[in-house]
Amino acid sequence: CKQRFNARASSGAYIFSALTAFFAMLVFLTSNREWQWSGDMLLPTLGFALSYAAATVFSVLAILHGPLAKTSLLISCSLLIPSLYGIAVQRMWLKGMPLAEALSPTLLIGTLLLVMALLLVNYVKKDAAGEQKPTLRWVIFVSLAFFGNGFCSVVQAAKQDFCGNEGNGL
């Protein structure tokens, strides 16, 4: 039964992602806001589009090829990426900017606990009955979804850090 579902749903991952992106574009283009093209927006736009596409497509594929609970946990922990961006890039290279993240003991402890949770949730005992080890395919899909989801926020923050808020808050 699961094999038939996976066979039907694997092509549906691409259709679902394409329809999601299409309707997001449709809402954006039909909203009654003034919109002007700027060449400065090309690189952040492409970066966000690739990150969003990776997040949606590979999230669905990871769910199809691995455990739902672990996939959801790992993808939701992808917010670690923009947090590290805020600490590393904004703190080291953009000193004095109002967006710089404050480095506190609570942040360091929380980040350490998150990394430990990721390691522990994927730890499988050798003699655990009924537990299946993650496949390489699932690890690749969930990793691509993790980085795609995390870089959606990084691209937005980097655009604001280096290009400003041109376009009335874009």
Side-chain angles (χ1 to χ4, degrees), residues 1-31 41-90 101 106-162 170:
C1 183
K2 185 178 179 183
Q3 289 176 345
R4 278 191 291 170
F5 172 76
N6 283 345
R8 285 190 316 219
S10 63
S11 63
Y14 301 111
I15 294 170
F16 171 77
S17 299
L19 286 173
T20 302
F22 173 74
F23 283 111
M25 180 185 68
L26 191 63
V27 168
F28 174 73
L29 291 175
T30 58
S31 64
M41 293 296 294
L42 183 61
L43 191 59
T45 301
L46 290 175
F48 184 81
L50 290 174
S51 298
Y52 182 75
T56 57
V57 169
F58 293 115
S59 293
V60 173
L61 291 174
I63 290 169
L64 291 174
H65 294 283
L68 175 63
K70 286 184 181 180
T71 301
S72 297
L73 176 69
L74 289 171
I75 292 171
S76 65
C77 289
S78 68
L79 293 177
L80 182 63
I81 295 172
S83 299
L84 293 176
Y85 169 82
I87 293 168
V89 173
Q90 291 179 343
E101 298 281 334
T106 309
L107 179 66
L108 292 175
I109 291 169
T111 304
L112 180 65
L113 289 173
L114 177 64
V115 170
M116 286 175 49
L118 290 174
L119 293 174
L120 290 174
V121 80
N122 286 308
Y123 175 75
V124 178
K125 291 183 181 180
K126 291 185 180 190
D127 60 348
E131 281 287 325
Q132 60 174 336
K133 289 192 173 189
T135 63
L136 179 62
R137 179 181 284 181
W138 176 77
V139 170
I140 291 170
F141 289 154
V142 81
S143 297
L144 290 171
F146 177 87
F147 286 110
N149 195 39
F151 278 107
C152 281
S153 298
V154 169
V155 168
Q156 293 171 5
K159 186 263 173 210
Q160 290 178 349
D161 290 343
F162 297 107
L170 287 177

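Just the heavy atoms: all of them, side chains too, but no hydrogens, waters or symmetry mates, feed the values below.
Among residues two or more places apart in sequence or in another chain, the side chain to side chain donor-acceptor pair (under 3.5 Å) test is passed with T71 by W138. Judged as a side chain to side chain contact (heavy atoms under 4.5 Å, CB included), and not counting sequence neighbours, the contacts of L68 are I63, S72. For L112, the side chain to side chain contact (heavy atoms under 4.5 Å, CB included) partners are M116, not counting sequence neighbours.
Under the 4.5 Å side-chain criterion, counting only non-hydrogen atoms from C-beta, Y52 is in contact with T20.
The line from CG of L43 to CG of L46 is 7.0 Å long, rounded to the nearest 0.5 Å. To the nearest 0.5 Å, the span separating CG on L80 from CG on L74 amounts to 11.5 Å.
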All N/O donor-acceptor pairs, side-chain side in residues 141-158, below 3.5 Å, sequence neighbours left out:
{"from": "S143", "atom 1": "OG", "to": "V139", "atom 2": "O", "distance (Å)": "2.7"}
{"from": "N149", "atom 1": "ND2", "to": "I75", "atom 2": "O", "distance (Å)": "3.4"}
{"from": "N149", "atom 1": "ND2", "to": "S78", "atom 2": "OG", "distance (Å)": "2.8"}

